Amino acid sequence: MTSRARPPAGLRPFLPDDTPLLAEIFRASVGELTSDDYTPAQQAAWIAAADDEEAFAARLAGELTLVAIVDGAPVGFAALKGADAIDMLYVHPAVVRQGIGAQLCDALEKLAAARGTTKLIADASDSVLGFFEHRGFVPQRRNTVRRHDEWLANTTVQKPLAAAQASKQGSTP
Ligand SMILES: CC(C)(COP(=O)(O)OP(=O)(O)OC[C@H]1O[C@@H](n2cnc3c(N)ncnc32)[C@H](O)[C@@H]1OP(=O)(O)O)[C@@H](O)C(=O)NCCC(=O)NCCS
């Protein structure tokens, strides 16, 4: 199925009650979609970020987090940190390649532009790098970050946002 084969997902802001399901999506997404790029030990260290659900909820609530809904249930989420950084973007493996990641990213780009941002950045995992490049993000530098006892590589990517984007695309989700 392609993104054009079914209606777009609904998008809404994060609610605290979403936390357990978003933690599940996070675990499934990392566990099933990143194994070409990261070892099982690295994936486990990454997934551990959701072990403390209270801290995970605080992170989601502290950022501008959008939740994608299909058939009444969350299937993905993305978070804008401050005005100019995509901090999280995770889609459940059962619904990948259906346009949901693009919908979430489109919405964050509009929200960032509405906040006056001219350059949006993200620290992209090796598994999401192609997705961001496909959307016009340009790699800036490689990073290595420590998660528990593991070191994970990612790439800082950047996309210029058109100044007119906020006013032209108007309604934010
Ligand atoms: C990367 C991710 C968010 C993509 O979500 P998705 O819903 O499958 O993406 P979409 O269906 O909206 O894809 C939009 C476009 O990007 C392309 N694309 C999707 N994933 C891609 C990838 N990993 N590499 C290259 N292109 C990709 C699609 O083919 C599609 O192209 P089209 O517009 O020409 O049809 C999802 O695979 C995911 O959650 N990955 C694992 C989690 C992760 O590493 N998160 C990053 C944290 S920094």
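On a predicted model such as this, the values are computed, not experimentally measured, just so you know. Heads up: numbering here begins at 1 and tracks the sequence. Indexing begins at 1, ligand by ligand and atom by atom, following the structure's order.
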request  = Kindly say whether the aromatic ring centers of Phe56 and Phe26 come within a distance under 6.0 Å.
outcome  =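 Distance test on ring centres: under 6.0 Å, yes.
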
inquiry  = Centre-to-centre under 6.0 Å for Tyr90 and Phe77, is that the case here?
reply    = yes

query = So, are Arg12 and Asp18 salt-bridged, with charged N and O less than 4.0 Å apart?
reply =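 A salt bridge links Arg12 with Asp18.
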
task = State plainly whether the residues Arg27 and Glu24 are in salt-bridge range, i.e. N to O under 4.0 Å.
result =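 Looking at Arg27 and Glu24, the cut-off is met.
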
List every atom of ligand 1 that sits less than 4.0 Å from any heavy atom of [X], numbering the atoms from 1 in the order shown and giving each element.
X      : answer
Gly99  : 10 (P), 11 (O), 12 (O)
Trp46  : 44 (O)
Ser29  : 38 (C), 39 (O), 40 (N), 41 (C), 42 (C)
Ala102 : 12 (O), 14 (C)
Gln98  : 11 (O)
Gly130 : 24 (N), 25 (C), 26 (N)

Structural part of Arg135 in contact with ligand 1, heavy atom criterion under 4.0 angstrom = neither

task = May I have the step-by-step check of side chain to side chain contact (heavy atoms under 4.5 Å, CB included) for Val157 and Leu129, ending in yes or no?
result = CA-CA 8 Å; Val157 294; Leu129 183 58; 3.6 Å; yes

Any donor-acceptor N/O pair, Tyr38 side chain to Trp46 backbone, under 3.5 Å =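 Checking the backbone N and O of Trp46 against the side chain of Tyr38, no donor-acceptor pair under 3.5 Å is found.
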
Does any N or O atom in [X] lie less than 3.5 angstrom from one in ligand 1, N or O only?
X      : answer
Leu33  : no
Ala124 : no
Gly101 : yes
Ser125 : yes
Asp123 : no
Val96  : no

inquiry  = Assess, by modelled atom type and distance only, whether the side chains of Thr156 and Asn143 contain a donor and an acceptor separated by less than 3.5 Å.
reply    = yes

message = Is there a salt bridge (charged side-chain N to carboxylate O under 4.0 Å, His left out) between Arg59 and Asp52? Walk through the geometry before answering.
response = CA-CA 11 Å; Arg59 180 174 170 193; Asp52 180 345; over 6 Å; no

Candidate pair Arg115 and Asp84, rule salt bridge (charged side-chain N to carboxylate O under 4.0 Å, His left out), full reasoning = CA-CA 8 Å; Arg115 289 179 168 188; Asp84 67 353; over 6 Å; no

Nearest option to atom 27 (C) of ligand 1, as decided by whichever heavy atom of His92, His134, Arg97 sits closest =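 That would be Arg97.
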
